[in-house]
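All remarks here apply to the structure that follows.
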Amino acid sequence: MSLLTLGVRDLARSVRFYEQGLGLPRMPSPPEVAFFTLNGTWLGLYGRQAMAEEAGVVDDGGGFAGFTIAHNVHSEQEVDQVLAQAEAAGATLVKPGHRAHWGGYLGYFSDPDGFLWEVAHNPAFWVGPEDN
């Protein structure tokens, strides 16, 4: 995967959330879209209605989209720190950090547009870039 683009309701609000709140590095981009570099891929933000029109689908905003965006970190403490950082930036804490049935530790938040993020520590193996 080279790019994940989220259709957002308020581009300026979402840019503030991801750039200032979560500290993602923003790349130069046209005014109608925002790009951020991640570990090996990019995150794009684009107007939700414009994205739906471009794809030829109805923007009804109906419920759970059936996926989460995952952010894996090195420790349980880091899970709690990222959840707190996201909440301070305007996210909604959906489920606080907790021990998972598979032996890891994770929690969930939703961004200002309701996209669900999982923040997890997996002690069995590292899920992230090779340099970590």
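What you are looking at is a predicted structure, and each value in this text was computed from that prediction instead of being measured.
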Could you tell me if the side chain of Leu45 sits less than 4.5 Å from the side chain of Leu11, heavy atoms only? yes

With heavy-atom distances below 4.5 Å as the criterion, would you say the side chains of Leu116 and Phe109 are in contact? no

Would Glu19 and Leu24 count as a side-chain contact (heavy atoms from CB on, under 4.5 Å) here? Give the steps. CA-CA 5 Å; Glu19 183 175 26; Leu24 297 184; over 6 Å; no

Keeping to residues at least two apart or across chains, list the salt bridge (Lys or Arg N to Asp or Glu O under 4.0 Å) pairs with something in residues 97-120. Arg13-Asp113, Glu76-Arg99

Show the nearest heavy-atom pair for residues Ala34 and Ser29, with the distance to one decimal. CA-OG, 3.5 Å

As an exercise, state the distance from CG of Leu106 to NE2 of His101, rounded to the nearest 0.5 Å. 8.5 Å

Residue pair Thr37 / Met27, side-chain heavy-atom distance below 4.5 Å: yes

Is there a side-chain contact between Asn72 and His121, using heavy atoms and a 4.5 Å cut-off? no

Determine all donor-acceptor pairs shorter than 3.5 Å in which one atom belongs to a side chain in residues 87-97; sequence neighbours excluded.
none

Does some side-chain heavy atom of Leu4 sit less than 4.5 Å from a side-chain heavy atom of Trp42? no

Do the non-hydrogen side-chain atoms of Asn122 and Tyr105 ever get within less than 4.5 Å of each other? no

Please name the pair of heavy atoms, one in Pro123 and one in Gly104, separated by the smallest distance, quoted to 0.1 Å. CD-CA, 3.6 Å

Please report the closest heavy-atom contact between Val79 and Ala120, naming both atoms and the distance. CG2-C, 3.7 Å

Sequence neighbours left out, what passes side-chain contact (heavy atoms from CB on, under 4.5 Å) with Gln85? Give chain and number order. Leu22

Does some side-chain heavy atom of Tyr46 sit less than 4.5 Å from a side-chain heavy atom of Leu6? no

How long is the gap from OH on Tyr108 to CG on Leu83, to the nearest 0.5 Å? 11.0 Å

Hey, what do you get for OG (Ser110) to CZ (Phe115), rounding to the nearest 0.5 Å? 10.5 Å

